[in-house]
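Notes follow once the structure below has been shown.
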Amino acid sequence: MYNISMEHNDLEILRHSASHIMAMAVKKLFPDAKLAIGPAIEEGFYYDFELPRPLTEEDLPKIEAEMTEIIKKDIPFERLELSKEKASQLLENAGEKYKTELLREIPDAQVSFYKNGDFTDMCRGPHISSTGKIKAFKLLKIAGAYWRGDEKNAMLQRIYGTAFNTKKELDEYVTRMEEALKRDHRRLGKELDLFNIYHEQAGAGLVYYHPKGAALRGVIEDTLKKEHRKRGYQQVVIPHIAKIDLWNTSGHTGYYKENMYFMNIDEQEYVLKPMNCPGHILIFNRKINSYRELPVRFFELGTVYRYERSGVLHGLMRVRGFTQDDAHIFCTQEQLQDEIAKTIDFAFDMIKKFGFEDFKVFLATRPESYVGTEENWKSATKALEDAMKAKGIEYDVDPGAGVFYGPKIDVKLKDAIGRFWQGPTIQVDFNNPERFDLSYIGEDGAHHRPVMIHRVVLGSMERFIGVLTEHYAGAFPFWLAPVQAVVLPIADRHNDHAQKIAELLREKDIRVETDERREKIGLKIREAQMQKVPYMLVVGDKEVELGSVAVRSREKGDLGVRSLEDFLKEAGA
RNA sequence: GCCAGCAUACCUCAGUUGGUAGAGGAGUCGAUUCGUAAUCGACCUGUCGCCGGUUCGAUUCCGGCUGCUGGCUCCA
């Protein structure tokens with residue numbers, strides 16, 4: 001354990017040193033370059049520069065060549081300590097305005113610099129002993145980045161790269177990137193004919209599900225509906241637009257305005273719903289509620305629309321219209337922790353059902369802009385913490401990442417190639433019950449304020465389908481596959497039998513297609529295989545005679561002849 | 001929104017000194033009736049993303065717009 005973390009640390013030092021070497025190379029090519037920051041990151045390193053001209057892809061090989069030279073010379077990294085005054089003078093003389101700004105914020109009297117030959121950079125370190133220690137590196141891409149991540153600041157040019165201890169590890173990294181590209185959901189969405197975004201004709205960030213994508217989504221939605229019913233949720237359906245008054249009450253017009261779409265109908269202002277909660281609250285509030293009825297759990301496959309800046313849209317992962325498996329639980333204070341615990345169990349059950357084994361849990365606390373009292377926030381946060389502690393769940397705190405009306409638990413799913421994606425979120429809300437003046441009649445006959453839990457289990461259908469597609473690289477397990485089996489007759493005379501087989505399977509609720517084209521069986525198999533259909537059922541003279549099918553599995557190839565019943569049993573249908 | 005790059009047939013992509021375009025796959029038609037990842041042949045396919053400018057002439061050069069990709073920022 002200790003060793004692994006040490007190695008990781010070494011890699012960080014190596015990458016950070018590589019970023020210095022890159023800065024050195026850039027300074028050589030662009031003597032006027034101003035240095036900003038250049039840290040090691042999860043997959044490599046970057047350095048931000050202000051440059052006299054924009055970089056292009058063609059600059060990368062030149063910078064790489066300079067770096068290779070520097071590495072070959074095996075220049076030592078020398079650490080020097082300077083007083084703040086001297087450091088400031090040095091940086092100002094060099095015109096390093098970004099470094100000067102950083103220096104001003106360092107509280108210590110002494111600051112460290114690292115020097116390689118004639119290149120010096122203010123840096124905490126540590127570094128490798130000399131440049132020759134870098135055995136494998138690669139520059140990956142260029143990008144724009146604001147100074148300190150603030151769009152009010154200057155746009156700097158960032159170069160991303162990565163470095164490893166060995167050439168082999170670098171090659172593996174490159175291979176992994178290629179693998180990620182191959183399973184990109186946007187690419188697979190096209191290849192498997194699942195969905196499309198008709199950007200030009202219909203708008204960015206708005207998803208159209210083709211029949212196969214809709215089939216997949218249908219399976220997911222049916223599963224969700226069933227699982228929610230099992231756990232005492234009632235499904236509701238609400239309209240997609242509502243008068244602005246509703247959003248004034250909830251506080252959305254104050255704290256969520258940037259993300260909302262407004263429209264005018266008969267001189268009245270309406271809002272395209274960015275969230276489902278106010279709608280569910282209206283339904284809860286339709287009558288006087290008794291404590292005997294709580295908790296009330298409303299579930300909806302709720303479609304919401306949020307304005308997202310054009311630059312952030314990304315396939316199914318970041319869109320402007322999406323459907324959440326959203327629910328709102330109205331309960332008493334006393335029920336709160338138990339309800340949170342149940343919700344966590346539900347979420348974990350579901351993500352495991354869909355094939356995700358690993359995840360990370362975060363507690364997102366109060367953001368800068370929020371509604372409600374400090375006290376409400378404190379007790380809401382505590383309720384989430386207590387529930388997780390009671391269940392022994394390990395989590396990290398994500399400060400300031402809560403929603404404007406309450407703190408939340410975020411679960412991030414790890415996919416098949418080790419990347420994390422936003423999954424379930426559970427939010428506690430003391431604020432909306434107050435804003436909407438919600439109440440229930442307690443045992444004592446008096447009015448009491450219920451607490452609300454907002455939660456999604458899979459998140460949005462869009463993002464989840466995107467994640468699921470990348471996780472399985474398009475090869476969905478049998479129960480999820482848009483087409484579960486395809487029947488392949490060898491010659492025309494086998495078509496009747498093929499149709500009969502398909503019909504029998506449809507009766508069993510299997511999604512099945514037949515391929516009656518006058519093509520060779522090899523071609524039909526190849527195409528079914530590329531479409532990642534779990535089972536191919538080949539029928540020829542032998543199968544017609546026996547009334548059977550020859551089963552070929554997507555993973556295992558030819559499995560031989562068997563009866564339809566045996567096939568169904570084997571497939572787990 | 002900002003920085004950089006990109007936009008050519010249904011898809012993937014060629015196309016340089018500016019003279020209205022091609023390849024493979026897909027599709028259609030025909031032949032082949034075939035046993036576990038590609039049978040053969042013929043045919044069809046385009047306002048070269050949109051609008052404007054420069055030019056005798058623009059897919060090519062310039063500007064604007066729409067959108068995509070990778071980042072910044074944000075997030076289900």
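First the proteins, then the strands, lettered A, B, ... as listed; each starts at 1. The structure displayed is predicted, hence computed values, not measured ones.
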Classify [X] by what it touches in the nucleic acid, base, sugar-phosphate, or nothing, heavy-atom distance under 4.0 Å.
X: Gly144(A); value: base
X: Asp541(A); value: base
X: Gly557(A); value: nothing

Exercise. For Phe362(A), is the NZ or CZ atom of Lys412(A) found under 6.0 angstrom from the centre of its six-membered ring and inside 45 degrees of the ring axis?
Worked result: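 Yes, Lys412(A) lies over the aromatic ring of Phe362(A).
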Exercise. Quick one: is the NZ or CZ of Lys152(A) closer than 6.0 Å to the six-membered ring centre of Tyr146(A), and within 45° of its axis?
Worked result: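 No, Lys152(A) does not lie over the aromatic ring of Tyr146(A).
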Whom does [N] pair with, Watson-Crick or G-U wobble, provided both distances fall under 3.5 Å?
N: rU20(B); value: none
N: rC75(B); value: none
N: rC61(B); value: rG53(B)
N: rG70(B); value: rC3(B)
N: rC40(B); value: rG30(B)

Exercise. How would you list, by chain and number, every residue that makes a salt bridge (charged side-chain N to carboxylate O under 4.0 Å, His left out) with Asp515(A), sequence neighbours excluded?
Worked result: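 Residues passing salt bridge (charged side-chain N to carboxylate O under 4.0 Å, His left out) with Asp515(A): Arg517(A).
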For this session: Kindly state which residues belonging to residues 316-328 of chain A come within less than 4.0 angstrom of RNA chain B, counting heavy atoms of the residue only, listed by number.
Result: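 Output list: Arg318(A), Val319(A), Phe322(A), Gln324(A).
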For this session: May I ask you to evaluate whether Lys141(A) reaches the phosphate of rG71(B), defined as a side-chain N or O under 4.0 Å from OP1 or OP2?
Result: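 It does, given that an N or O in the side chain of Lys141(A) lies less than 4.0 Å from OP1 or OP2 of rG71(B).
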For this session: Would you list the pairs meeting salt bridge (Lys or Arg N to Asp or Glu O under 4.0 Å) in which at least one residue belongs to residues 297-310 of chain A, sequence neighbours left out?
Result: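 As it turns out, the salt bridge (Lys or Arg N to Asp or Glu O under 4.0 Å) pairs with a partner in residues 297-310 of chain A, which skip direct neighbours, are Glu151(A)-Arg309(A), Lys273(A)-Glu300(A), Arg297(A)-Glu339(A), Glu308(A)-Arg318(A).
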Exercise. Of the nucleotides rA76(B), rC72(B), rA37(B), which one has an atom closest to the side chain of Arg463(A)?
Worked result: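 Closest nucleotide among those given: rA76(B).
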Exercise. Looking at rG71(B), rG1(B), rG70(B), which one has an atom nearest to any side-chain atom of Met155(A)?
Worked result: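 Of the candidates, rG71(B) comes closest.
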Is there any protein nitrogen or oxygen under 3.5 Å from a nitrogen or oxygen in nucleotides 45-49 of chain B, and what are the pairs?
none

Problem set entry | Sequence neighbours excluded - side-chain hydrogen bond (donor to acceptor under 3.5 Å, both in side chains) pairs with any residue from residues 465-477 of chain A |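 Qualifying pairs, neighbours excluded: His185(A)-Glu470(A), Arg419(A)-Glu470(A).
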Exercise. Going by atom types alone, do Gln157(A) and Tyr47(A) pair a side-chain donor with an acceptor below 3.5 Å?
Worked result: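 Result is no, nothing qualifies.
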Without decimals, in angstroms, what is the distance between [X] [atom1] and [N] [atom2]?
X: His199(A); N: rU69(B); atom1: NE2; atom2: P; answer: 6 Å
X: Arg517(A); N: rA37(B); atom1: CZ; atom2: P; answer: 15 Å
X: Gln157(A); N: rG71(B); atom1: CD; atom2: P; answer: 17 Å

For this session: Map Gly311(A) and Lys190(A) onto RNA chain B by nearest heavy atom, then report which one ends up closer to the 5' terminus.
Result: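 Mapping each residue to its closest nucleotide by heavy atoms, the 5'-most match is Gly311(A).
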N/O to N/O distances under 3.5 Å, protein versus nucleotides 38-41 of chain B:
from: rA38(B); atom 1: N9; to: Arg526(A); atom 2: NE; distance (Å): 3.4
from: rA38(B); atom 1: N7; to: Arg526(A); atom 2: NH1; distance (Å): 3.1
from: rA38(B); atom 1: N6; to: Arg526(A); atom 2: NH2; distance (Å): 2.8
from: rA38(B); atom 1: N1; to: Arg526(A); atom 2: NH2; distance (Å): 2.7
from: rU39(B); atom 1: O4; to: Glu519(A); atom 2: OE1; distance (Å): 3.3

